[in-house]
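Numbered from 1 within each chain, the chains take letters A, B, ... in sequence-line order.
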2 protein chains.
Amino acid sequence: MSKHAKEMEILKEHLEKHQLKFTRQRELILDAFLKQEHITAEEMYHQLARKDPHLGLATIYRTLNLFCEAGLAQARHFGTQTQYDNVSHKGHHDHLICTGCGKIVEFENCDIERLQEEVATKNGFTITTHRLELYGLCTRCRH
Amino acid sequence: MSKHAKEMEILKEHLEKHQLKFTRQRELILDAFLKQEHITAEEMYHQLARKDPHLGLATIYRTLNLFCEAGLAQARHFGTQTQYDNVSHKGHHDHLICTGCGKIVEFENCDIERLQEEVATKNGFTITTHRLELYGLCTRCRH
DNA sequence: ATTCTTTTTGATATAGCTTATCAATTTCAA
DNA sequence: TTGAAATTGATAAGCTATATCAAAAAGAAT
Ligand SMILES: [Mn+2]
Ligand SMILES: [Mn+2]
Ligand SMILES: [Zn+2]
Ligand SMILES: [Zn+2]
């Protein structure tokens, strides 16, 4: 049984349901993706260039977006770059981002989530999504 | 005394301090900017085209970025578009954004801010900036 | 295994938004 | 009034992501 059997199964189910095909590229990209917590399309492109020099950048983008539709990934826009977040094994969370070294730390805070709902209700809004990012310096970069 | 005398003064002080010049375009753009809470460069371009059809889009961008440096504006990236936020008369705040009609509501919540600091400290981070946006539907768009 | 339809891929063009370039113009201090 | 320095407007270029399209691959049916 492969290391990423469960996620591979989720992908295959999504593919079947939408009459899409299982390809060598999709398998390759999923394997690489699941080894990371957060990765950009560009990083993945360079990383996979070693395994398959002919893999196109457009295919990387298309496939990562496919993973988003299948619920395995989420696109996150941090600063200027777009990180694809491997959410196959985790629930909702927000991020701390170090502007020094690029380190990303995930966190969950129910109190903040609850206060957000309160703010929305007070203003007559119904929240569908939100975005909370804390930018700063990590311990190492502060020194 | 002009309606935007105070802000005009802030701009002039910034210009002097940085050996920049006070121009007709900067005055025109500041006047238009201060009438809005949030505006995109593109919107401002079209709005001012009536008053001065020769005003270039690059000048709009340059000038709005100048206002950011002078502390009169802040660039905010909501969804795909960049809104310039008129912060001349207000302190820190976050936003509720209606994905139906584009309405933007500002809010301040000390409890959320405090919890953010807590989260950062717990993870060894020192926050320099943050970003909190709540996306959803306003009362009108929900019906 | 072969055929055949549909989807996918890779190379590249294009889009959308913002900044860079640069000659001509304007500002403003001397 | 003069002249150095900054600004402007038109447009090219940069950057990231998507669109295009002919060739290739997938996979169901035979
Ligand atoms: Mn994450
Ligand atoms: Mn605002
Ligand atoms: Zn760091
Ligand atoms: Zn609305």
Donor-acceptor contacts under 3.5 Å from residues 42-50 of chain B side chains, at least two apart:
from, atom 1, to, atom 2, distance (Å)
B:E43, OE1, B:T40, N, 3.2
B:H46, ND1, B:E42, O, 3.1

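In summary, the aromatic rings of A:F78 and A:H95 are positioned with their centroids under 6.0 Å apart.
Here C:dT19 presents its P atom at 11 Å from CD of B:E69, a figure rounded to the nearest Å. Nucleotide C:dT26 holds its P atom 12 Å from the CG atom of B:D52, rounded to whole Å. The separation between A:L30 atom CG and C:dT8 atom C1' is 17 Å, rounded to whole Å. Atom CG in B:L55 sits roughly 15 Å away from atom P in D:dT7 (whole-Å rounding). Taking atom CD of residue A:E16 and atom C1' of nucleotide D:dG27, one finds them 12 Å apart after rounding to whole Å. Regarding B:I60, its CD1 atom lies at a distance of 16 Å from the P atom of D:dT7, rounded to whole Å. Rounded to whole Å, the distance from CG on B:L15 to C1' on C:dT26 is 14 Å.
The side chain to side chain donor-acceptor pair (under 3.5 Å) pairs that include a residue from residues 51-73 of chain B are B:R24-B:D52, B:T59-B:R62, B:N65-B:Y84, where partners are two or more places apart or lie in different chains. Residue pairs meeting the salt bridge (charged side-chain N to carboxylate O under 4.0 Å, His left out) criterion with at least one partner in residues 89-102 of chain A, sequence neighbours excluded, are A:E37-A:K90, A:D85-A:K90, A:K90-A:E106. Within the structure, ring pair (Phe, Tyr, Trp, His ring centres under 6.0 Å) pairs that include any residue of residues 114-143 of chain B comprise B:H92-B:H130 (at least two apart or interchain). Each ring pair (Phe, Tyr, Trp, His ring centres under 6.0 Å) pair with one or both residues in residues 18-37 of chain A, not counting sequence neighbours, appears once here: A:H14-A:H18, A:F33-A:F67.
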For nucleotides 16-20 of chain D, give me every protein contact, N/O to N/O, under 3.5 Å, one pair per line with atom names.
from, atom 1, to, atom 2, distance (Å)
D:dA17, OP1, A:T82, OG1, 2.6
D:dA17, OP2, A:Y61, OH, 2.3
D:dT18, OP2, A:N65, ND2, 3.2

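Residues of residues 19-29 of chain A having a heavy atom closer than 4.0 Å to DNA chain C, listed by number: A:Q19, A:L20, A:K21, A:T23, A:Q25, A:R26.
With sequence neighbours excluded, no residue forms a side-chain hydrogen bond (donor to acceptor under 3.5 Å, both in side chains) with B:N109. Shown here are the salt bridge (Lys or Arg N to Asp or Glu O under 4.0 Å) partners of A:K21, two or more places apart in sequence or in another chain: there are none.
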